Amino acid sequence: MNSTTDAIAVLRKELGGDICIMGHHYQNDAVIAHCDISGDSLELARHVPHVDAAHIVLCGVCFMGESAALLAGKGQTVHLPEPDADCLMSAMIPACLARSVLKQLADAGRNIVPLAYANTSLAVKALTGEYGGAVCTSANATTMLAWALERGDGVIFMPDKNLGHNVANLLGIPVDERHVLRIDGRGIIDSPSQPLGRKILLWPGSCSIHARFRPEFVEEARARYRGCRVAVHPECRQEIVVLCDAAGSTSFLIREAARVAENAPGSTLVIGTEENLVHRLAASHRGKCDIFPLSRAICPEMSKVTEKKLLDVLKDIAARKSEPLAVDKNLFEPALLSLTRMLEVCGN
Ligand code: 13P
Ligand code: SF4
């Protein structure tokens with residue numbers, strides 16, 4: 001234990017049931033050790049309505065805090081230890097640009113349903129709600145894409161083109177029914193040359209952490225750990241996913257590690273996702289199976305949250321000085337609508 005760890009423990013005792021600390025699985029071990037609830041983005045969102053504490057401290061990136069603030073009860077506040085930690089992919093889709101693109105598609109006569117990955121700003125979620133769409137996470141993107149396809153003549157999947165391709169593959173939607181949009185700062189460019197009539201339109205965004213995995217990493221892992229199993233997060237490019245034994249959300253990868261440890265003791269699992277999670281899984285299943293990261297992959301934004309910043313936000317809450325996350329009142333209803341549509345379709 002260090003002094004920061006001790007100070008957090010003391011403060012937590014003082015604050016008692018007033019505080020619930022939640023953390024995404026990509027947080028480092030020192031932060032996760034303080035979390036009452038840890039989960040992937042879907043699990044965190046699902047837990048929020050059942051939290052009684054007056055203050056939720058969300059250790060993760062900004063969009064996770066915003067989703068928590070939407071789902072929090074009346075009078076409940078959400079605090080981020082590091083408000084500047086922002087998902088790099090969510091920054092690839094400014095809401096005003098998304099609005100222009102949706103308008104261009106509507107003007108072109110398309111009845112397009114937007115499906116927004118949870119890794120988007122509140123304003124993009126609000127726009128999605130306004131246009132009759134919903135949010136999805138990596139854990140339910142297949143269900144939600146099928147849901148969206150039933151509601152229009154096509155879907156725009158925003159902003160992760162890689163997740164969009166991987167989910168379309170799972171639903172058997174051919175590649176020639178998908179199109180990655182070419183966009184500039186004002187909207188869709190050179191419309192006549194783009195096949196905008198396709199069933200799945202993909203926003204040209206990606207996670208730079210997962211998109212950096214390359215096919216040769218999988219080949220090298222298979223050569224180094226003979227007979228290993230390789231599982232990756234679906235934010236990886238589809239060329240990687242097809243080479244792997246399995247792909248799925250953060251919670252899927254956690255279950256996969258437990259399954260391998262239980263059913264195939266002594267075997268090796270290579271996981272392609274954020275490294276903090278992979279190292280934690282390796283430690284928790286040590287002695288049962290070997291788990292290695294596919295490659296170095298640290299999310300710099302998730303890493304901005306530290307134990308020290310967690311202590312600081314707890315001190316501020318105790319001193320009634322912490323600024324809770326504020327939700328623009330014009331965005332609240334439509335953003336909540338897009339999120340609750342997802343929770344209703346996939347079960348609260
Ligand atoms: P999950 O939905 O699997 O938690 O993923 C969130 C994320 O940011 C992955 O990079
Ligand atoms: Fe965003 Fe990628 Fe970091 Fe996940 S790992 S929070 S998608 S930048």
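Everything quoted here is computed from the prediction, not taken from an experiment.
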Should the heavy atoms of other residues, nucleotides or ligands under 6.0 Å from [atom1] of [X] be counted, would the total exceed 12?
X    : atom1 : answer
D52  : CG    : no
E262 : CD    : no
H47  : NE2   : no

query: Under 4.0 Å between a Lys/Arg side-chain N and an Asp/Glu carboxylate O for E301 and K304?
result: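 The answer is yes: the pair qualifies as a salt bridge.
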
field: Salt-bridge contact R229-E256 (side-chain N to carboxylate O under 4.0 Å)
entry: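 So R229 pairs with E256 through a salt bridge.
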
task: Find out if a path of hydrophobic residues (ILVMFWY) with successive side-chain heavy-atom gaps under 4.5 Å connects F213 to M302.
output: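 Cluster IDs for F213 and M302 differ.
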
Could you list the donor-acceptor pairs under 3.5 angstrom formed between side-chain atoms of residues 84-94 and any protein atom two or more places apart in sequence or on another chain?
| from | atom 1 | to | atom 2 | distance (Å) |
| --- | --- | --- | --- | --- |
| D86 | OD1 | S90 | OG | 3.4 |
| S90 | OG | C87 | O | 2.9 |

field: Spatial distance of atom CD1 (I209) from atom CZ (R296) [nearest 0.5 Å]
entry: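 Interatomic distance, I209 CD1 to R296 CZ, rounded to 0.5 Å: 12.5 Å.
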
Do we see a donor-acceptor contact under 3.5 Å between the side chains of [X] and [Y]?
X    : Y    : answer
D6   : S3   : no
S338 : Y131 : no
R182 : S193 : yes
S322 : H79  : yes

query: Step by step, would you call R46 with C346 a side-chain contact (heavy atoms from CB on, under 4.5 Å)?
result: CA-CA 10 Å; R46 274 186 171 150; C346 298; 4.0 Å; yes

- prompt: Between H233 and H210, how do the two ring planes meet: parallel, tilted or perpendicular, split at 30° and 60°?
  reply: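 Taking H210 first and then H233, their aromatic rings sit tilted (interplane angle of 30° to 60°).
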
Kindly list each side-chain donor-acceptor pair under 3.5 angstrom involving residues 109-116, sequence neighbours excluded, with atom names and distances?
| from | atom 1 | to | atom 2 | distance (Å) |
| --- | --- | --- | --- | --- |
| R110 | NE | D153 | OD1 | 3.2 |
| R110 | NH1 | L196 | O | 2.5 |
| R110 | NH1 | G197 | O | 3.3 |
| R110 | NH1 | R198 | O | 2.8 |
| R110 | NH2 | D153 | O | 2.8 |
| R110 | NH2 | D153 | OD1 | 3.2 |
| R110 | NH2 | R198 | O | 3.3 |

field: Test item: N169 side-chain N/O and G172 main-chain N/O as donor-acceptor pair under 3.5 Å
entry: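 Not at all, since once roles are kept as given, no pair shorter than 3.5 Å links the two residues.
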
